[in-house]
Number of protein chains: 2
Amino acid sequence: MTFARSQIAPGDFVSAAIASITRIIRDNDLKPGDHLPAEAVLSEQLHVSRTVIREALRSLAALRLIDLGIGKRPTIAQIDDSSIAIMIEHGVMTDQIDILQIYDVRRTIEARTAGLAALRRTDAEAQVILGHAQAMVRSSGPPSEIMEHDIALHMAIALASRNPVFALLVGAFQGVIRQTWPIGWKSRANDDERAAMNSLHEELALAIVDGNPQAAAALMSRHFDQSIKSLLAAGLN
Amino acid sequence: MTFARSQIAPGDFVSAAIASITRIIRDNDLKPGDHLPAEAVLSEQLHVSRTVIREALRSLAALRLIDLGIGKRPTIAQIDDSSIAIMIEHGVMTDQIDILQIYDVRRTIEARTAGLAALRRTDAEAQVILGHAQAMVRSSGPPSEIMEHDIALHMAIALASRNPVFALLVGAFQGVIRQTWPIGWKSRANDDERAAMNSLHEELALAIVDGNPQAAAALMSRHFDQSIKSLLAAGLN
DNA sequence: TTGTCAAAGGTATAATACAGGTTTCCCTGC
DNA sequence: GCAGGGAAACCTGTATTATACCTTTGACAA
């Protein structure tokens with residue numbers, strides 16, 4: 001595993017190292033938990049300094065392709081949503097993405113996860129989903145308590161869809177949602193509207209428990225329609 | 001911008017630096033094209049070596065929050081799909097995601113982008129979309145030529161949806177699709193089936209040109225139904 | 001006023017050093 | 001023969017220094 005040094009543009013050693021290392025993962029069919037060669041070994045094999053290798057490994061760790069740990073060789077990692085979450089948050093911060101666009105994506109995706117969850121959920125998952133919905137209805141605590149059950153409910157549904165890509169995306173939006181949720185809550189002026197939102201979640205959970213995908217998808221869409229309406233009413237955008 | 005050094009776990013200086021730098025971006029409201037302080041300055045401000053700063057910057061560059069360039073200070077970057085693409089490809093390589101799951105996500109997302117494109121496309125975008133569809137029908141070149149028009153068509157539709165998150169996701173799947181597309185093509189055994197696939201794309205393009213969102217979404221769904229059927233027929237999974 | 005060019009500022013890579021964590025394996029005692 | 005302990009080997013995290021080379025700035029000259 002080496003590359004023609006002369007063809008590498010200056011300032012591109014790290015990119016080339018990243019490519020080489022991902023190639024090692026692919027060619028050796030490494031799976032989560034497997035180890036890469038030590039930095040010193042990679043450094044020698046790829047004919048670059050340990051500095052370059054470390055920056056390449058850090059890049060892959062940022063993308064969560066690998067895990068790094070003191071004293072341990074680099075380990076192939078499980079996919080997780082934190083990297084995409086950071087990217088999305090950055091996109092929102094820098095005005096490249098607005099919240100309503102994210103809500104449209106969520107509606108699109110989560111209507112599907114609701115339908116799939118209704119088809120595929122285990123009984124244990126159904127109980128977790130229903131539990132969060134009922135906790136929202138019953139909650140007498142601060143709004144943040146309702147919010148956390150809301151977020152956990154959506155995540156549980158995504159996991160029950162049995163498609164890790166949906167779970168990845170729903171998880172990635174959590175950070176942004178946590179920053180936006182209070183806006184929608186305050187925008188729902190009276191207790192009736194707030195109770196309606198909570199009971200809509202309960203209906204959704206029941207549709208999933210009942211194994212009714214059409215109803216679940218429709219209720220999820222309705223939920224997002226109302227959320228988006230609340231955000232618009234709050235003057236977003 | 002500094003942090004209590006004593007609270008940072010060993011092996012975590014880079015994570016802390018990443019957090020501090022993203023905080024600098026947020027607090028200073030930096031936008032794409034704006035610059036971060038030089039490495040030496042960050043090194044002094046955060047009280048860590050340039051080594052740590054560089055690894056942190058590389059991490060952020062891997063996530064495409066910033067761009068690095070020789071002689072230039074780190075620059076806030078435009079969002080782009082390459083990082084997510086690498087993550088998705090890694091997920092597929094390591095058996096954490098399978099192709100049919102990606103196709104289900106694409107169907108979900110792209111039914112929506114087709115509908116939005118029908119509503120929002122400019123005339124210029126409509127022409128590009130139609131152009132790729134007609135090129136697919138007319139192509140007499142190798143399958144890869146048809147594939148590239150296919151991929152470009154889906155991307156053009158996503159861009160016309162005017163939601164950068166959809167464009168990000170559709171773009172992120174391109175790499176995996178490029179590796180899978182030939183399977184579906186070969187699985188469509190005869191010329192009739194292949195012509196049907198191409199003309200379905202043309203109908204889809206026409207629905208978008210006509211500004212008919214229901215038809216566009218329905219045609220996109222049908223297209224994915226058939227693609228998934230072809231992949232199943234090819235014995236995927 | 002404009003063009004040129006040197007100096008200042010900046011990043012990319014390499015090499016070295018050392019602290020401290022992890023893994024391996026040998027040796028001891030039973 | 002085997003279990004346990006501990007040292008040695010292995011490995012990563014951070015800092016420092018040096019140097020090549022790229023970009024930007026600003027002053028000077030035509």
Side-chain angles (χ1 to χ4, degrees), chain A residues 1-21 24-25 28 30 33-77, chain B residues 1-21 24-25 28 30 33-77:
Chain A
M1 184 61 47
T2 166
F3 45 78
R5 181 142 183 177
S6 54
Q7 295 176 358
I8 308 287
D12 233 13
F13 283 49
V14 173
S15 305
I18 291 172
S20 297
I21 294 170
I24 289 174
I25 295 174
N28 294 64
L30 300 183
D34 291 345
H35 292 283
L36 281 170
E39 293 175 1
V41 176
L42 290 170
S43 168
E44 197 181 342
Q45 283 183 357
L46 305 186
H47 305 103
V48 291
S49 69
R50 217 187 120 202
T51 306
V52 168
I53 295 296
R54 278 192 60 77
E55 291 187 7
L57 290 174
R58 280 288 184 197
S59 297
L60 295 174
L63 297 171
R64 306 217 43 77
L65 267 59
I66 62 174
D67 284 325
L68 303 178
I70 297 181
K72 296 192 248 194
R73 277 147 63 210
T75 311
I76 310 299
Chain B
M1 183 62 47
T2 165
F3 45 77
R5 181 139 180 181
S6 54
Q7 294 177 0
I8 308 287
D12 233 13
F13 283 51
V14 174
S15 305
I18 291 173
S20 297
I21 294 169
I24 289 174
I25 296 175
N28 295 64
L30 299 182
D34 291 344
H35 292 282
L36 280 170
E39 293 175 1
V41 176
L42 289 170
S43 168
E44 197 182 340
Q45 283 183 357
L46 306 186
H47 304 103
V48 290
S49 70
R50 222 189 115 202
T51 305
V52 168
I53 295 296
R54 279 193 59 77
E55 291 187 8
L57 289 174
R58 280 286 184 197
S59 297
L60 294 174
L63 297 171
R64 304 219 43 78
L65 266 60
I66 62 174
D67 284 324
L68 303 179
I70 297 181
K72 296 192 245 193
R73 276 148 63 211
T75 311
I76 309 300

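All values reported here derive from a predicted model rather than from experimental measurement. Within every chain, numbering begins at 1; the chains are lettered A, B, ... in the order of the sequence lines, protein sequences first and strands thereafter.
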Visitor: Separation of A:Leu36 atom CG from D:dC11 atom C1', in whole Å?
Guide: 14 Å

Visitor: So, taking the atom named CZ in A:Arg58 and the one named CD in B:Glu55, what distance separates them when rounded to the nearest 0.5 Å?
Guide: 5.0 Å

Visitor: Working to the nearest 0.5 angstrom, can you tell me the gap between B:Asn28 CG and B:Leu36 CG?
Guide: 9.0 Å

Visitor: Under 4.0 Å between a side-chain N or O of A:Arg58 and OP1 or OP2 of D:dT14?
Guide: yes

Visitor: Which listed nucleotide (C:dA14, D:dT14, C:dT22) is nearest to the side chain of B:Ser49?
Guide: D:dT14

Visitor: If I take atom CZ in residue B:Arg73 and atom C1' in nucleotide C:dA8, what distance separates them, rounded to the nearest angstrom?
Guide: 13 Å

Visitor: Identify, with sequence neighbours excluded, every residue that meets side-chain contact (heavy atoms from CB on, under 4.5 Å) alongside B:Ala62.
Guide: A:Ser59, A:Ala62, A:Leu63

Visitor: Take atom CD1 of B:Ile70 and atom P of C:dT11, then tell me their distance rounded to the nearest Å.
Guide: 11 Å

Visitor: To the side chain of A:Ala38, which of D:dC11, D:dT23, C:dA14 is closest?
Guide: D:dC11

Visitor: Quick one: A:Glu55 CD to C:dT13 P, roughly how many Å, whole number?
Guide: 7 Å

Visitor: When you measure from the side chain of B:Ser43 to the backbone N and O of B:Val48, does any donor-acceptor pair fall under 3.5 Å?
Guide: yes

Visitor: Taking only the side-chain heavy atoms of B:Val48 (C-beta and beyond), determine which of C:dT23, C:dG10, D:dA15 contains the nearest atom.
Guide: D:dA15

Visitor: Name the closest nucleotide to the A:Arg50 side chain, picking from C:dA14, D:dA15, C:dA17.
Guide: C:dA17

Visitor: Rounded at 0.5 Å granularity, tell me how far CD1 in A:Ile66 sits from CD1 in A:Ile21.
Guide: 6.5 Å

Visitor: What is the distance, rounded to the nearest whole Å, between atom CG of A:Leu42 and atom C1' of D:dC10?
Guide: 15 Å

Visitor: For a quick test of reading the model: is some side-chain N or O of B:Arg54 closer than 4.0 Å to OP1 or OP2 of D:dT16?
Guide: no

Visitor: Specify the separation, in whole Å, of atom CD of A:Glu39 and atom C1' of D:dT14.
Guide: 12 Å

Visitor: Atom NE2 of B:His47 and atom C1' of D:dA15: how far apart are they, to the nearest Å?
Guide: 15 Å

Visitor: Grab the CG-P distance between B:Asp12 and D:dT14 for me, whole Å please.
Guide: 8 Å

